**Q** 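One structure, as structure tokens, below. Some questions next.
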Amino acid sequence: MTKYEGSLLKAEIYKTYISIGVNETSAKLAAESMVQTSLRGVDSHGINLFPHYFRSFQSGRLNKNPDFKFYQTKGSTALLDADHALGHHSGIVAMDKCIEMAEKNGIGACTVANSSHYGASSFFGLHAAKKGYIGMSFTNADALVKSHNGKKSFFGTNPICFCAPLDGEEPLCLDMATSLVSWNKIKNYRRADESIERHWAFDDNGNPVTNPHQATSLSPAGDYKGFGLGMMVEILCAMLSGSVMAKDMLAMFTSPPEAQRQVSHFFMAFDIKSFSSEDLFKSNLTNMVQRLRQESTIGEDSVMAPGDPEKKAFAHRIKDGIPCFDEIIKEYIDINPAFEKCIINKH
């Protein structure tokens, strides 16, 4: 598979966005998030999405120069109207507000209205954890997860992310969809024309499928449990911000390209020092993670803490490059021929 060099690609993505009038912060955060996410092995929410975001900026779905409006509702709570910004930008602005409030009051929470797809939830949780805070991030999305006992989808993949700092390594990071797999993962299998696991997705009648081209809804993680968690995220995002819920949201890929989707998010930051000694917290959490990794196994694979697979992928890809489908590579080069120089390996 063709591979991109991460730092070269990040610089070129930034310059390409700037060339069509995207503001510097949106361009920088989009490039940083997509490359970081793919380096961590999460291809469904990484560089594969650049062409989609590019077209969304051009069509007017995404605001190239959003006018953010903050409403500080209490000492520890706020609402951000994102003015249809790229979610990567509005999310970091909101998380920074959470950190600011947590520094003063112990906890900060911010809900975001009128935003858009924000990529990987881990980007925001890690942003807080690297600053020494516990960070949580959530987003709703268009309805793609089949309702428990139903035929059709009602909630989105509605991810949950929890990150906390560790000693001597990158933060602990739990980033999970409330569906069994992401919709972008199904799209990747479509590109490769490969069969999916039978319990991943369903057709229009609610029947499980192995052909990714027949999939119209996803399985909730843990059946009714994932369905319930998806509803929880919907409440935190859409209900608290007064936004549209998943069932009424326009689809990311199939709705008119200029139509703004009104995605909503929810973020929290916890100041560890307001609860405990920061050094003691990090020492205890690091000890727990290390003990977990030493647990005996029933197979060849080791016991891992949340985020460990991504740390392994990062160590590999930072040296060897980010694999990318040839179909996506072509889209990149059609947008800007300069992306050719970011390629470090061709099959």
Side-chain angles (χ1 to χ4, degrees), residues 25 28-29 32-33 36-37 40 68-82 85 87-113 115 118-140 158-176 178 229 232-233 235-241 264-292 305-308 310-311:
T25 304
K28 176 184 176 183
L29 290 171
E32 183 180 339
S33 174
Q36 178 194 100
T37 299
R40 297 179 71 245
F68 291 134
K69 289 184 172 61
F70 260 116
Y71 301 92
Q72 182 86 34
T73 53
K74 294 285 185 178
S76 292
T77 57
L79 166 69
L80 170 64
D81 184 329
H88 308 63
H89 187 175
S90 58
I92 288 295
V93 168
M95 182 58 90
D96 278 338
K97 185 66 174 179
C98 290
I99 291 170
E100 176 189 321
M101 292 186 292
E103 180 65 26
K104 294 179 181 178
N105 304 300
I107 294 176
C110 182
T111 187
V112 181
S115 188
Y118 76 178
S121 292
S122 58
F123 184 60
F124 312 99
L126 289 170
H127 179 75
K130 289 176 180 179
K131 292 177 179 289
Y133 294 81
I134 293 174
M136 299 184 71
S137 60
F138 311 83
T139 186
N140 70 349
N158 294 11
I160 294 170
C161 180
F162 176 93
C163 295
L166 294 170
D167 273 332
E169 63 175 283
E170 289 294 294
L172 176 78
C173 179
L174 169 67
D175 183 3
M176 52 167 275
T178 51
L229 288 172
M232 178 196 77
V233 173
I235 293 167
L236 291 174
C237 296
M239 301 298 106
L240 281 183
S241 68
S264 52
H265 321 304
F266 184 78
F267 302 92
M268 291 189 73
F270 298 80
D271 177 33
I272 296 167
K273 299 186 298 296
S274 296
F275 298 87
S276 171
S277 158
E278 183 177 3
D279 289 341
L280 179 62
F281 172 88
K282 291 170 66 175
S283 175
N284 286 342
L285 180 57
T286 303
N287 178 60
M288 181 176 73
V289 167
Q290 290 173 345
R291 288 179 60 187
L292 176 66
D308 282 359
E310 289 80 6
K311 291 176 183 178

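For clarity, every value in this text was computed on a predicted model and none was experimentally measured. Just so it is clear, the values below take in all heavy atoms, side chains as well, and ignore hydrogens, waters and symmetry mates.
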**Q** Give the minimum heavy-atom separation between Ser121 and Pro159, together with the two atoms involved.
**A**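 Taking Ser121 first and Pro159 second, the nearest heavy atoms are OG-CG, 3.2 Å.
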**Q** Does Thr286 reach the main-chain N or O of Lys282 with its side chain, forming a donor-acceptor pair under 3.5 Å?
**A**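 Yes: the side chain of Thr286 pairs with the backbone of Lys282.
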**Q** In terms of ring plane angle, is the pair His265 and Tyr118 parallel, tilted or perpendicular, where the classes change at 30° and 60°?
**A**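 His265 and Tyr118: parallel rings.
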**Q** So, for Ser122 and Asp175, which heavy atoms are closest and what is the spacing to 0.1 Å?
**A**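 Residues Ser122 and Asp175, closest heavy atoms: N-OD2, 3.1 Å.
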**Q** Measure the OG-CE distance between Ser76 and Met268 for me, rounded to the nearest 0.5 Å.
**A**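 Here the interatomic distance stands at 8.5 Å.
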**Q** When rounded to the nearest 0.5 angstrom, what is the spacing between CD1 in Ile160 and OG1 in Thr178?
**A**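 The OG1 atom of Thr178 is 6.0 Å from CD1 of Ile160, to the nearest 0.5 Å.
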**Q** Do you know the tightest heavy-atom contact between Ala94 and Cys110?
**A**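 Scanning both residues completely, I find the closest heavy atoms to be CB-SG, 3.9 Å.
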**Q** Could you tell me which non-hydrogen atom of Ala305 sits nearest to which non-hydrogen atom of Val289, and how far apart they are?
**A**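 That closest heavy-atom pairing would be CB-CG1, 3.8 Å.
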**Q** Please assess Met136 against Phe270 for the test side chain to side chain contact (heavy atoms under 4.5 Å, CB included), listing each intermediate value before the final yes or no.
**A** CA-CA 9 Å; Met136 299 184 71; Phe270 298 80; 3.8 Å; yes
**Q** Counting only heavy atoms not in Lys130 (residues, nucleotides, ligands), do more than 12 fall under 6.0 Å from its NZ?
**A**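 Counting neighbours around NZ of Lys130, more than 12 heavy atoms of other residues, nucleotides or ligands fall under 6.0 Å, so yes.
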**Q** If we ignore hydrogens and angles and just use 3.5 Å, is the side chain of Ser90 paired with the main-chain N or O of Ser115 as donor and acceptor?
**A**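 Side chain of Ser90 to backbone of Ser115, a donor-acceptor pair under 3.5 Å: no, none is there.
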**Q** Rounded to the nearest 0.5 Å, how far does CD1 of Ile107 lie from CG of Asp271?
**A**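 Here the interatomic distance stands at 9.5 Å.
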**Q** Looking only at heavy atoms, which two atoms of Asn105 and Gly75 are closest? And how far apart?
**A**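 That closest heavy-atom pairing would be ND2-O, 2.6 Å.
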**Q** Working to the nearest 0.5 angstrom, can you tell me the gap between Leu126 CG and Thr37 OG1?
**A**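 Between Leu126 CG and Thr37 OG1, I get 9.0 Å after rounding to 0.5 Å.
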**Q** Restricting to non-hydrogen atoms, name the atom on Lys311 and the atom on Glu170 that form the minimum distance, rounded to 0.1 Å.
**A**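 Taking every non-hydrogen atom into account, NZ-O, 2.8 Å.
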**Q** Stepwise, does the side chain to side chain contact (heavy atoms under 4.5 Å, CB included) test hold for Leu172 with Met288?
**A** CA-CA 11 Å; Leu172 176 78; Met288 181 176 73; 5.7 Å; no
**Q** Out of curiosity, Met95 CE to Phe123 CZ, how far, rounded to the nearest 0.5 Å?
**A**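 Between atom CE of Met95 and atom CZ of Phe123 there are 11.0 Å.
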**Q** Between the main-chain N or O of Lys74 and the side-chain N or O of Gln72, is there a donor-acceptor pair closer than 3.5 Å?
**A**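 Pair found, side chain donor or acceptor close to backbone of Lys74.
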**Q** Report the C-alpha distance between Ser137 and His127 in whole Å, list the side-chain angles of each, state the deciding distance to 0.1 Å, and finish with yes or no for side chain to side chain contact (heavy atoms under 4.5 Å, CB included).
**A** CA-CA 10 Å; Ser137 60; His127 179 75; over 6 Å; no
**Q** Should we count NZ of Lys28 as having more than 12 external heavy atoms under 6.0 Å?
**A**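 Counting neighbours around NZ of Lys28, 12 or fewer heavy atoms of other residues, nucleotides or ligands fall under 6.0 Å, so no.
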**Q** Phe267 vs Phe124 aromatic rings, parallel, tilted or perpendicular, using cut-offs 30° and 60°?
**A**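 Plane angle over 60°, so perpendicular.
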**Q** By side-chain hydrogen bond (donor to acceptor under 3.5 Å, both in side chains), which residues pair with Thr73, not counting sequence neighbours?
**A**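 By the side-chain hydrogen bond (donor to acceptor under 3.5 Å, both in side chains) rule, Thr73 matches Thr77.
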**Q** Can you measure from CD1 (Ile272) to CG (Asp279) and round to the nearest 0.5 angstrom?
**A**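 The CD1 atom of Ile272 sits 10.0 Å away from the CG atom of Asp279.
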